Amino acid sequence: MPFTLATWNINSVRLREPIVLKLLQEEAPDVLCLQECKSPVDKIPTEGFAALGYTHMIARGQKGYNGVAILSRIPMEEVGDKDFAGLGHARHIAGRLENGVTIHNFYVPAGGDVPDREVNEKFGQKLDYLTDMRDWFHADKPQKSILVGDLNIAPREDDVWSHKQLLKVVSHTPIEVETLAETQDAGGWVDVTRQDIPDGQLYSWWSYRARDWDAADKGRRLDHVWATPDISNAGHSSRVLRDARGWEKPSDHAPVFASFDL
DNA sequence: ATGGTGGGCCACCCA
């Protein structure tokens with residue numbers, strides 16, 4: 001059963017319901033994983049999604065912050081969630097499609113401004129979140145699984161507009177890149193996006209604070225699609241829908257797509 | 001070096 005999935009940090013699912021519907025209508029992924037819904041689950045606007053065929057949804061939410069959801073037009077059962085690092089935040093949800101593939105949807109903490117856990121508690125929480133993920137995947141090796149989400153780290157030099165200028169900027173510091181690599185290795189995860197697009201600059205996020213995000217193009221690849229080795233070879237046709245960053249009332253993230261022939 | 005723009009929600013926190 002071949003299928004296409006997308007992952008998108010939506011920065012308020014209620015405010016951006018119109019562009020979620022636009023994405024579903026125009027691109028029609030089978031599965032859409034959202035992060036930063038910023039909504040209690042019972043206030044997510046599901047009717048329009050269901051009318052387009054996305055009748056399955058699993059989600060975790062809280063008022064005002066965080067929140068993750070998976071919309072699907074393929075039958076999907078809820079697997080559960082885990083409160084990594086004990087933060088009490090809605091940052092993870094997992095589901096299983098009827099083809100047996102498990103999907104983990106993550107919103108990793110952004111980590112604040114200063115890359116030093118001694119002076120910035122949020123940076124420590126980000127690293128702790130990732131090491132908790134690492135330990136969990138190490139203890140229980142995932143199989144037939146896909147991990148997507150806003151991991152808030154751009155690991156490669158060509159995942160950022162300037163490697164040198166971002167070395168001390170949270171999202172691209174060596175300690176974050178190393179910690180993310182440990183998490184990836186612990187699960188045996190393959191970076192499907194870079195398997196498909198091995199060379200060149202690739203971004204999924206552009207700050208709201210630029211005069212002209214498109215012309216300046218100071219982006220970072222914060223949003224990821226990983227798969228376990230038993231299904232990673234089935235992954236193909238990865239892409240970033242950069243156009244969505246220019247839609248009306250946009251998220252600062254663009255959706256990342258991948259397809260799987262399984 | 002600084003401040004720039006967004007969202008949630010009503011005083012700020014967060015990205």
Side-chain angles (χ1 to χ4, degrees), chain A residues 7-23 33-45 59-69 83-92 105-117 119-130 148-155 159-162 164-173 176 179-180 203-224 240-256:
Chain A
T7 178
W8 197 9
N9 178 317
I10 196 60
N11 189 15
S12 172
V13 70
R14 282 183 277 176
L15 188 75
R16 293 192 222 291
E17 181 189 5
I19 61 170
V20 174
L21 292 169
K22 179 178 169 73
L23 183 89
C33 298
L34 298 171
Q35 304 87 34
E36 271 207 279
C37 297
K38 293 186 172 176
S39 174
V41 173
D42 62 4
K43 291 190 173 168
I44 295 174
R60 291 292 182 272
Q62 60 186 95
K63 200 166 106 180
Y65 304 100
N66 309 314
V68 286
D83 179 20
F84 293 91
L87 301 177
H89 298 171
R91 295 182 178 275
H92 171 246
N105 182 20
F106 277 97
Y107 175 49
V108 171
D113 287 332
V114 182
D116 179 352
R117 69 189 308 156
V119 297
N120 171 21
E121 180 186 37
K122 290 205 278 266
F123 192 72
Q125 289 174 347
K126 180 180 197 173
L127 298 178
D128 291 347
Y129 194 94
L130 289 161
V148 305
D150 177 4
L151 305 185
N152 265 313
I153 295 173
D159 290 337
V160 293
W161 66 275
S162 169
K164 274 190 179 177
Q165 287 180 254
L166 290 174
L167 271 171
K168 293 180 178 173
V169 174
V170 172
S171 74
H172 193 61
T173 63
E176 289 170 274
T179 306
L180 184 68
Y203 314 137
S204 64
W205 174 88
W206 295 261
S207 173
Y208 284 125
R209 296 175 189 175
R211 293 179 199 175
D212 185 339
W213 70 272
D214 194 25
D217 200 22
K218 293 184 173 180
R220 308 177 200 170
R221 188 172 71 102
L222 304 179
D223 303 277
H224 298 267
V240 176
L241 187 66
R242 183 182 172 116
D243 281 359
R245 180 62 179 80
W247 288 353
E248 179 115 358
K249 295 277 284 174
S251 168
D252 45 355
H253 295 252
V256 179

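A note on names: the letters A, B, ... follow the listed sequences, proteins ahead of strands, and every chain is numbered from 1. What you see is a predicted model, and the numbers here were worked out from it, not measured in a lab.
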Spacing of the P atoms in B:dT2 and B:dG6 (rounded, Å): 23 Å

If the condition is side-chain contact (heavy atoms from CB on, under 4.5 Å), which residues does A:Q62 pass it with, not counting sequence neighbours? A:Y65, A:N66, A:H89, A:A90

Atom pair distance, as rounded to whole Å: CG in A:D150 and C1' in B:dC14: 13 Å

Nearest-Å distance once atom C1' is located in both B:dG4 and B:dA15: 14 Å

Could you verify whether a donor N or O on one side chain and an acceptor N or O on the other, from A:S171 and A:E176, lie under 3.5 Å apart? no

Roughly, in whole Å, what's the span from CD in A:E248 to P in B:dG7? 12 Å

Nearest-angstrom distance, P atom, B:dC14 to B:dC9: 14 Å

Between A:N105 (side chain) and A:A69 (backbone), is there a donor-acceptor pair under 3.5 Å? yes

Would you kindly give the CH2-to-C1' distance between A:W205 and B:dG6, to the nearest whole Å? 11 Å

Looking at every non-hydrogen atom in both residues, tell me the closest pair between A:Y208 and A:P250 and how far apart they are. OH-O, 2.9 Å

Please report the distance separating the C1' of B:dA11 from the corresponding atom of B:dG7, rounded so that it comes out in whole Å. 15 Å

Who passes side chain to side chain donor-acceptor pair (under 3.5 Å) against A:S204, sequence neighbours left out? A:D223

Identify all stems in which DNA chain B takes part, counting only runs of at least 3 consecutive pairs (Watson-Crick or G-U wobble, each distance under 3.5 Å), and give each as one range with another, ordered by first number. B:5-8 with B:12-15

In whole Å, what is the span from the CD atom of A:Q125 to the C1' atom of B:dA15? 15 Å

Contact check, side chains of A:L180 and A:L130, non-hydrogen atoms, under 4.5 Å: yes

Please tell me which of A:G111 and A:K249 maps to the more 5' nucleotide of DNA chain B, matching each residue to the nucleotide holding its nearest heavy atom. A:K249

Can you tell me which residue among A:V170, A:D116, A:D128 is in a side chain to side chain contact (heavy atoms under 4.5 Å, CB included) with A:F123? A:V170

Between protein and nucleotides 1-5 of chain B, what N or O pairs are separated by less than 3.5 Å?
{"unit_1": "B:dG4", "atom_1": "O6", "unit_2": "A:R209", "atom_2": "NH1", "d": "3.1"}
{"unit_1": "B:dG4", "atom_1": "N1", "unit_2": "A:R209", "atom_2": "NH1", "d": "2.9"}
{"unit_1": "B:dT5", "atom_1": "O4'", "unit_2": "A:Y208", "atom_2": "O", "d": "3.2"}
{"unit_1": "B:dT5", "atom_1": "N3", "unit_2": "A:R209", "atom_2": "NE", "d": "3.4"}

Please report the distance, rounded to the nearest Å, between CD in A:Q62 and C1' in B:dC14. 11 Å

Could you list the residues that satisfy ring-ring contact (aromatic ring centres under 6.0 Å, His included) with A:F106, not counting sequence neighbours? A:F84, A:H92

I need the A:D252 CG to A:W213 CH2 distance, nearest 0.5 Å. 11.5 Å

Residue pair A:K249 / A:I19, side-chain heavy-atom distance below 4.5 Å: no

Rounded to whole angstrom units, what separation is found between the OH atom of A:Y129 and the P atom of B:dA15? 13 Å

For nucleotides 8-13 of chain B, give me every protein contact, N/O to N/O, under 3.5 Å, one pair per line with atom names.
{"unit_1": "B:dG8", "atom_1": "OP1", "unit_2": "A:S12", "atom_2": "OG", "d": "2.3"}

Would you please test A:R242 and A:D214 for salt bridge (Lys or Arg N to Asp or Glu O under 4.0 Å) and show each step? CA-CA 9 Å; A:R242 183 182 172 116; A:D214 194 25; 2.8 Å; yes

